[in-house]
Engineer: 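This structure is in structure tokens; I'll ask about it shortly.
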Amino acid sequence: MIRNLARLIARLAGGAIFLLTWGFGTFTFNAFSFDQFVRAGLSPFLTQFVRWHHVWFGAAYLITAATLVPVIRRASSRRGEAARWLAIAYVIGLGAVLLWLTGRPHLAMLTRDSRDLLSAPGALVPLLWLSAIDHLAYARSDPAQQPTPQRALLYATLATAAALWSLHVAAWWLLRDSASEMPFSPLASTWALMIDLSAMLFVYAALGAAAALGSGRRRPALWEHLATLVLLAFGVEELVRRIVLPGLGFAAADSALLAVPFGVTVAVTWSGLRVACSSTPRIDGVRSLLAMPMRPAAVVVLLAATTAAATIGVNEVAQIDWAYIGEQMITVVEAVVALGLILPLALRWTTHTGWSPAVCAGPPLLAVAMLYAMVPATSAIAARAGEGSSDPQNAIDRAAVLDPLARVGSAGIVAREPLDVSFFEQVRELDSASWSQDPAPAREAMPAQTLPSQPYVFIFAIDSLRRDYVGIYNPAVTFTPELDSFARDAHVFRNAFTNYGGTWLSVPALWSGRLLPRGWPKVVKDINVLEQVITSTNYDLVINDFTIEPELRKETARTFLNPYLASPQADLCVNVEALQNYIDTRKSSRPLFTYLGPMNVHILNTLAGVPNDRYPGFNGVYAGNLARVDTCFGNLVAFLKARGIYEDSVIVVTSDHGDMLGEGGRWGHQAAYMFPEVVRVPLIVRLPASMRARFTTDLGAVTFLTDLAPTMLQLFGLPPIGDGPAFGSSMYMPADTARADRRRRSFMVMASYGSTYGAVRRNGRSLYVADLRNSREYAYAIDRAGYQRVPLTDSLRGVFQAELKTQVSGVKAMYKARR
Amino acid sequence: MPHTDVASLPLLERCAGAVPDDAELQADLGAAYEAASRTGDAERALRRALAVDPDFAEVHLRLATLLAARGATSEAREHAEAALRLQPNRAAVQQLMSRLESPTEHQQ
């Protein structure tokens with residue numbers, strides 16, 4: 001028992017290192033994930049892992065080799081002898097690889113070339129090798145062993161669905177934030193139960209079919225085992241190919257190329273582990289691959305513990321932009337563990353061992369019928385429960401909030417509005433290609449300029465600042481008095497949007513004044529308008545930002561404020577203190593260009609705070625963090641006034657995107673979130689009196705962050721950039737002219753990380769969003785009071801998609817895709 | 001505001017009837033009515049545009065001009081002020097404001 005447990009732990013530890021190596025090779029294979037994770041050093045753990053990979057590999061080698069000692073020492077059969085030689089070959093072969101890696105650290109040298117293609121599958125070889133040894137050395141197949149009883153599978157999957165549903169709803173109830181989340185909905189919970197049951201019944205049908213395959217054959221359990229292995233490999237492959245890799249910007253063909261060997265490796269490795277670390281190393285299908293026999297009381301405790309761990313895990317990953325990948329993986333693992341715990345009880349209590357096609361196909365068909373019946377039943381349940389909305393789509397959305405399993409299940413089994421896949425295929429190219437502007441950049445370098453008057457410039461792009469949390473936009477806000485006071489003396493743009501739902505694209509787009517593809521670091525140095533303004537007009541750049549600053553040209557002089565604070569700790573108050581000190585002590589008389597992107601109200605800091613009710617109607621942590629920002633902004637304004645700088649400054653307060661703060665159970669600005677809370681941003685601009693006298697603007701016109709760079713060109717009298725659909729345009733124009741009419745135009749918006757695209761029309765009153773990952777479409781009507789979701793008609797969809805096509809063509813025409 | 005003429009009026013009327021909550025369409029319709037010298041209809045269309053989007057500066061300006069022309073100076077001033085809040089320092093609005101401030105000149 002102890003020896004088996006030790007072997008299991010050693011193998012899991014070694015396997016984790018090999019899989020991490022696979023993960024790193026996979027990340028470097030793709031332009032987007034390489035730029036986002038590897039080159040940017042986003043994960044300190046990953047950076048350290050790569051730096052010390054040869055040591056980690058050596059550790060994995062030693063602990064996995066140690067588990068082979070019994071196999072090498074004892075060979076009592078021909079299969080045992082084969083296993084022994086394979087184990088010796090493993091020790092020698094992997095030892096040679098270790099020596100090679102020690103002399104030439106491989107992972108640290110990967111830089112998106114052909115070696116990446118070999119590194120990822122190469123990391124799976126040790127696992128496949130160990131699996132072959134395990135099966136040869138330990139696996140026993142009993143020819144008389146019958147397949148898993150069909151009814152036990154049925155009862156186990158039904159019980160798993162019911163248990164997970166009740167535990168998830170209970171966890172939601174206990175952890176919900178009553179201030180910002182939706183009330184309990186009987187309709188949504190009924191939908192959640194139906195979806196859970198349907199999802200688990202499809203699992204039953206697949207496992208039942210695997211069991212049925214062995215029925216009547218000479219070695220039924222062996223056949224069932226092989227079929228279940230195929231299912232397991234397919235399930236893992238689908239999870240990686242459809243959810244994980246596309247979310248990281250992988251093209252369909254690359255995803256399949258990487259996911260298939262990964263799925264096979266995980267399945268056979270798990271099978272090998274189960275037989276190598278079991279006291280009864282039998283090959284008998286679902287039972288040996290999934291079942292975890294234990295006492296009923298222990299099952300109950302472990303089920304609750306599994307749900308608690310999964311809930312904590314989902315809440316933890318909610319902080320990252322790719323939360324949906326983590327959420328879905330955790331939920332799938334939770335369901336598999338729950339089924340593994342419940343299955344032995346069902347086996348123990350089921351006496352009927354027969355097999356029939358009706359019992360195999362009947363329940364899943366019944367589940368489909370139940371789902372269809374739920375659509376007309378929704379109105380009746382809504383009326384009885386006193387719920388306002390009887391729209392099934394809304395109910396399913398709320399079910400997904402209550403129950404993570406329903407969230408995963410609804411993506412796969414509930415019919416959606418059909419998306420025009422062929423249309424979105426070309427839109428999706430913006431995700432996966434790397435881009436360049438060669439042979440020639442679209443714009444020549446700006447020559448050195450001497451401006452007649454050169455104001456100071458301060459741009460505050462406060463990360464994740466929501467428009468409706470600023471008092472000038474929402475009279476209910478009491479915690480931004482300084483921002484409001486500043487805004488009363490400035491131009492408040494009422495209809496401002498971000499082009500992108502994440503910092504990764506919105507900040508470089510703001511600096512470049514145009515839409516960008518995901519591989520923007522390849523092109524940004526040639527088209528960075530604000531950087532060109534700064535260098536050509538001899539500004540003194542002071543910056544605190546972790547997205548665009550690393551992509552500025554080396555020769556662009558800058559002062560990075562508070563360089564020793566990591567990105568999530570970027571605090572406006574600390575920045576302001578450093579900035580004031582810099583202004584007071586610097587010797588240069590050059591005008592300042594300051595760009596700050598503080599993270600005070602970022603979701604990482606919101607979720608890290610202690611929930612409180614100090615700001616009724618608002619998220620207490622977020623509002624408290626914003627109050628701190630407001631105070632320090634006020635301090636800076638007072639400082640600038642005291643130094644005589646304020647009146648002669650261009651000051652911009654905006655954000656790179658908004659955030660979800662529990663609305664519909666959603667948090668942050670994740671990969672697929674392009675909801676109104678995320679795409680609408682505050683935008684407040686104060687100009688020096690001399691500029692106010694020369695220019696006018698249109699505060700009611702739709703405005704985007706990409707308009708900021710063209711605005712600087714206009715204000716400084718510099719030549720404008722292009723005027724195609726992918727370019728921003730100046731928010732200001734000479735007082736005797738009107739702003740070019742943008743009210744009748746459409747504008748593309750997209751998520752920074754996931755395949756979610758949208759279009760803004762009718763001067764920002766109409767928003768369409770297509771979430772390709774979840775095959776969902778949304779339409780919103782936006783006005784001064786807020787927004788509401790509206791039905792999406794075919795004609796509305798057609799108009800939006802036609803406009804989106806124009807925008808995508810504009811981006812493609814500007815950049816050149818390079819696979 | 002885009003160029004609109006009398007010939008486009010029937011089409012605009014049909015479109016605006018089909019999509020009454022499209023502020024831009026109502027504004028275009030108002031401009032077309034104005035071109036056809038149907039100032040009463042123009043005024044109503046522009047008011048419908050503002051009901052949908054109260055921050056439509058061009059419509060405020062156009063409506064203020066229409067109102068000023070028929071002597072509704074007080075209401076014209078309100079719309080001109082609204083236009084100026086949305087388009088601060090815009091020369092065309094300021095000119096209208098100064099005409100409204102000096103009614104004698106305006107009447108001449």
Side-chain angles (χ1 to χ4, degrees), chain A residues 472-473 487-496 683-703 715 731-746 760-766 779-785 788 790 793 795-796 799, chain B residues 1-4 8 11-12 14-32 34 45-65 78-99:
Chain A
I472 201 74
Y473 290 102
R488 280 191 285 275
D489 188 31
H491 294 147
V492 180
F493 290 83
R494 304 175 183 189
N495 222 353
L683 180 59
I684 306 167
V685 180
R686 188 183 190 283
L687 301 182
S690 60
M691 284 181 172
R692 288 202 299 274
R694 282 191 292 135
F695 294 103
T696 183
T697 183
D698 189 346
L699 301 176
V702 66
T703 304
L715 293 177
M731 302 182 283
Y732 289 90
M733 66 294 295
D736 57 354
T737 58
R739 188 177 184 186
D741 188 12
R742 306 173 89 196
R743 284 178 164 268
R744 290 159 182 82
R745 275 185 57 191
S746 293
V760 173
R761 287 182 66 236
R762 289 180 163 187
N763 199 47
R765 296 191 307 277
S766 191
Y780 294 96
I782 298 172
D783 59 22
R784 271 182 175 180
Q788 59 180 337
V790 294
T793 61
S795 60
L796 192 58
V799 169
Chain B
M1 205 162 289
H3 175 72
T4 46
S8 61
L11 184 62
L12 279 169
R14 250 199 341 267
C15 292
V19 196
D21 62 342
D22 188 323
E24 289 73 27
L25 207 47
Q26 295 293 349
D28 292 349
L29 181 62
E34 219 183 318
L46 295 177
R47 287 185 195 282
R48 284 196 297 272
L50 287 178
V52 177
D53 185 355
D55 294 336
F56 203 153
E58 284 293 340
V59 173
H60 278 296
L61 174 60
R62 192 172 279 266
L63 185 56
T65 309
E78 283 174 24
H79 284 287
E81 283 168 358
L84 202 57
R85 276 195 299 276
L86 291 162
Q87 296 188 329
N89 200 41
R90 169 121 187 250
V93 188
Q94 284 178 327
Q95 284 160 11
L96 177 64
M97 286 289 280
S98 49
R99 272 167 40 210

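In what follows, chains are A, B, ... by sequence order, proteins preceding strands, each numbered from 1. Computation of the quantities below employed the complete heavy-atom set of this structure, encompassing side-chain atoms and omitting hydrogens, waters and symmetry-equivalent molecules.
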Engineer: Start with the C-alpha gap between B:V59 and B:Q26, add the side-chain angles, then the distance that decides, and say whether side-chain contact (heavy atoms from CB on, under 4.5 Å) holds.
Structural biologist: CA-CA 10 Å; B:V59 173; B:Q26 295 293 349; over 6 Å; no

Engineer: May I ask you to decide whether A:R765 forms a salt bridge with A:D783, counting only side-chain N to carboxylate O separations under 4.0 Å?
Structural biologist: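 Looking at A:D783 together with A:R765, the answer is no, because their closest N to O distance does not fall below 4.0 Å.
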
Engineer: Does any heavy atom of chain B fall under 4.5 Å from the side chain of A:R494, the backbone, both, or neither of them?
Structural biologist: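 Looking at A:R494, just its side chain touches chain B.
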
Engineer: Quick check on A:R762 against chain B: is it the side chain, the backbone, both or neither that has a heavy atom closer than 4.5 Å?
Structural biologist: both

Engineer: With only heavy atoms counted, which part of B:V93 is less than 4.5 Å from chain A, the side chain, the backbone, both or neither?
Structural biologist: neither

Engineer: Side chain from CB out, backbone as N, CA, C, O: work out which of these in B:A23 comes under 4.5 Å of a heavy atom of chain A, or both, or neither.
Structural biologist: both

Engineer: Indicate the ring-plane relationship of A:Y732 and A:H491, choosing parallel, tilted or perpendicular according to the 30° and 60° boundaries.
Structural biologist: tilted

Engineer: Would you mind telling me which of B:L50, B:L96, B:L61, B:L84 makes a side-chain contact (heavy atoms from CB on, under 4.5 Å) with B:H79?
Structural biologist: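 Among the candidates, only B:L50 passes.
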
Engineer: Tell me, side chain or backbone of A:T737 under 4.5 Å from chain B's heavy atoms, or both, or neither?
Structural biologist: backbone

Engineer: List for me each residue that meets side-chain hydrogen bond (donor to acceptor under 3.5 Å, both in side chains) alongside A:R784, sequence neighbours excluded, and say none if there are none.
Structural biologist: B:D55

Engineer: If you tally heavy-atom pairs under 4.5 Å against chain A, which of B:E24, B:R90, B:Q87 wins?
Structural biologist: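 Sorted descending by pairs with chain A, the first entry is B:E24.
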
Engineer: Are A:F493 and A:D698 close enough, and set up right, to give a side-chain contact (heavy atoms from CB on, under 4.5 Å), and what steps lead you there?
Structural biologist: CA-CA 8 Å; A:F493 290 83; A:D698 189 346; over 6 Å; no

Engineer: Flag the one option from A:A781, A:A701, A:S766, A:A693 with the top tally of heavy-atom pairs under 4.5 Å to chain B.
Structural biologist: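 Of the candidates given, the most pairs with chain B belong to A:A693.
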
